[in-house]
Amino acid sequence: MRTSQYLLSTLKETPASAEVISHQLMLRAGLVRNLASGLYTWLPTGLRVLKKVENIVREEMQRAGANEILMPMVQPADLWEESGRWDDYGPELLRLNDRHKRPFVLGPTHEEVITKLVANELSSYKQLPLSLFQIQTKFRDEIRPRFGVMRGREFLMKDAYSFHLEQDCLEKTYQIMFDAYCRIFDRLGLDYRPVLADTGSIGGDASHEFHVLADSGEDDIAFSNASDFAANIEKAEALAPSAERAEPTQALTKVATPNVKTIDDVARFLSVDVKTIVKTLLVCGVENEQGQTPLVALVLRGDHQLNEIKTEHLPQVSTPLTFASDEQILATANCNAGSIGPIGLNIDVIIDRSAAQLSDFVCGANENDAHYTGVNWQRDCAITEIADLRNVVEGDPSPCGQGEIVIKRGIEVGHIFQLGSKYAQAMSCAVLNEGGKNQTLTMGCYGIGVSRIVAAAIEQNHDKYGIKWPEAIAPFQAAIVPMNMAKSARVKETAEALYEQLSQAGIEVLFDDRKERPGVMFADHELMGTPLLLIIGERNLDAQQVELKNRITGEKSLIAIADVMSLFN
RNA sequence: CGGUGAUUAGCGCAGCUUGGUAGCGCACUUGGUUUGGGUCCAAGGGGUCGCAAGUUCGAAUCUUGCAUCACCGACCA
């Protein structure tokens, strides 16, 4: 490719809207352009990278035995009604009508379509197991698109689905997919970790997310500093404190705390550590026989954060997790948020493991502008139920039993999941088993955010000059950069000949044939992250040499023109 | 969904307080100059100032409404 025929589109200045480095560089290097919130056009350079990522993913999925298919992006609403997700999926699901006013959705994922397909196509256990995948555009109407293609509304995803008669077969395929994912991210040259993930409301036994480690990531990952343990913070268990609860030493005392509302206020007002305060959160419970939804109280140590995923798993708590309104709080606790405590509440009270271990603590008095000090469990307030409600924090013992928790940020680029039979059941996806009986299938699903990988790779591989692509996904393998080609016939001839030779050999080379000064060319190629520059100038032509510059190492060297081809073997 | 801010040329911004012919830098075009790290000089092209209504002789500027975009928050007990 010649730059004179190519849409280079590099920018000197960073567009103001770009927050994270990958977004800035994707705009500056001319990879993408924004169309509307969360919607991006892929320019030639960006598309080259995207296609390379796509091909690696495709090759490894095929190697793992999956068949590629392509499903429609627009899906009829009745499929979603059949699975129950028309009501459950929420506002991220973009719904639309056709000219006959028939409802459709833009596919955010394809469990419904694929399960329907397999239900129609398969009739015998002999056809199992079966893995299918597609690489296709998805649409999710995100509440807050951000970070460029990292969290766009429209994005490219590889989604694979496997179908099995039995759980052990699913587990085998799950492991094959796990290994395939490791190969994919290894080949992409990314620093990644598989981490335990929550299985969500769907249930199932196992789920792993694959995270690229980067400070700009939106997920917190809990690692052990002494083992391979890694889990999404949503999933990481906070173990019960090993120490016994200390005996009470203080008397229960009600103190006036005018205008003291937050935990920090309380700590400051009473001059106590936030760790000796408990906070009581009121959330909506599940509907009872009378058709009412009572509140549920959650008690946590002041310095801890509620883990919403763990909380949603509690049978008493409604899904999705909903915090009580001010009116509900007043009706239940006789006070405003800010003065709630567990003592005397006549609703379910669920106490976090760490909060349950406190003694002589502080809590709200269920009376505005009042708190209790010297509170002790059992003496002042019965412990009815203890659960793991909080996010782990650094320094907690690792749930694997070895070492302490360390927390890092990650970008989720893959997620594999043992789905079970939720969709197969809903869509009547069954085959005849060996005994001639209809048997509902069990499924696995396996996703990779292809477009997100491009951004994640940049987050991990850049410097002040621009992108430093891992070789496997660089838009070009090399660029030919002639010095003053317009003035030197020799330089021009050499560059043209080399370009011809490399192109013929199928090397992806960008020939910078613009009439630009060297500095402009160098800056553009460094911004775009071309791994290897072939610099052709008068000064080395007498010796029949070109200069090489490596983008990753910055090393320069000379090589005979005749030997250039050998670089690409 | 809540809060904050923004919207003026392809990009980055000024002008608005105090209403009176729409500007700067980058990019682009032409000519010259320079040529191994974003040269320099000159001359140009390009904007319904987000949209709509209002005030006014006159609105980018003042008023109101709307839209879009961005950031923050959605842990309050």
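Labels below follow one simple rule: chain letters A, B, ... track the order of the sequence lines, proteins then strands, and each chain is numbered from 1. The shown structure was predicted, so the numbers you read here are calculated from the model rather than taken from an experiment.
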[X], nearest nucleotide to its side chain (from [options]):
{"X": "A36(A)", "options": "C69(B), C71(B), C76(B)", "value": "C69(B)"}
{"X": "R539(A)", "options": "G36(B), C76(B), A70(B)", "value": "G36(B)"}
{"X": "I329(A)", "options": "A77(B), G37(B), U39(B)", "value": "A77(B)"}
{"X": "L281(A)", "options": "A77(B), G37(B), G38(B)", "value": "A77(B)"}
{"X": "F323(A)", "options": "C76(B), G38(B), G36(B)", "value": "C76(B)"}
{"X": "E13(A)", "options": "G12(B), G36(B), C71(B)", "value": "G12(B)"}

Which pairs of donor and acceptor atoms, one on a side chain in residues 268-285 of chain A, lie under 3.5 Å apart (sequence neighbours left out)?
from    : atom 1 : to      : atom 2 : distance (Å)
D273(A) : OD1    : K275(A) : N      : 2.9
T276(A) : OG1    : D273(A) : O      : 2.8
K279(A) : NZ     : H304(A) : O      : 2.8

If I take atom [atom1] in residue [X] and atom [atom2] in nucleotide [N], what distance separates them, rounded to the nearest angstrom?
{"X": "D265(A)", "N": "C76(B)", "atom1": "CG", "atom2": "P", "result": "11 Å"}
{"X": "E19(A)", "N": "C72(B)", "atom1": "CD", "atom2": "C1'", "result": "10 Å"}
{"X": "H525(A)", "N": "G36(B)", "atom1": "NE2", "atom2": "C1'", "result": "14 Å"}
{"X": "R268(A)", "N": "A77(B)", "atom1": "CZ", "atom2": "P", "result": "12 Å"}

Would R95(A) pass as a cation-pi partner of W86(A), given that its NZ or CZ must be under 6.0 Å from the six-membered ring centre and within 45 degrees of the axis?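 Geometry flag: set, cation within 6.0 Å and 45°.
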
Need one value for [X]: base, sugar-phosphate or nothing, where a base atom within 4.0 Å counts as base even if backbone is also close, heavy atoms only.
{"X": "A16(A)", "answer": "sugar-phosphate"}
{"X": "G364(A)", "answer": "nothing"}
{"X": "I263(A)", "answer": "sugar-phosphate"}
{"X": "L282(A)", "answer": "base"}
{"X": "L11(A)", "answer": "nothing"}

Can you tell me whether the side chain of [X] and the base of [N] have a donor-acceptor pair closer than 3.5 Å?
{"X": "E538(A)", "N": "G36(B)", "result": "no"}
{"X": "K549(A)", "N": "G37(B)", "result": "yes"}
{"X": "E516(A)", "N": "G38(B)", "result": "no"}

Does OP1 or OP2 of [N] have a side-chain N or O of [X] closer than 4.0 Å?
{"X": "K12(A)", "N": "G12(B)", "value": "no"}
{"X": "R517(A)", "N": "U39(B)", "value": "yes"}
{"X": "S37(A)", "N": "A70(B)", "value": "yes"}

Does the ring centre of H371(A) sit less than 6.0 Å away from the ring centre of F361(A)? no

Nucleotide opposite [N] in a Watson-Crick or G-U pair, distances under 3.5 Å:
{"N": "C62(B)", "answer": "G54(B)"}
{"N": "G25(B)", "answer": "C11(B)"}
{"N": "G36(B)", "answer": "none"}

Let me check something: any side-chain donor-acceptor pairs from residues 332-347 of chain A under 3.5 Å, sequence neighbours excluded? List them with distances.
from    : atom 1 : to      : atom 2 : distance (Å)
T332(A) : OG1    : Q328(A) : O      : 3.0
S339(A) : OG     : D369(A) : N      : 3.4

For Y465(A), I'd like to know if atom OH has over 12 heavy atoms of other residues, nucleotides or ligands within 6.0 Å. no

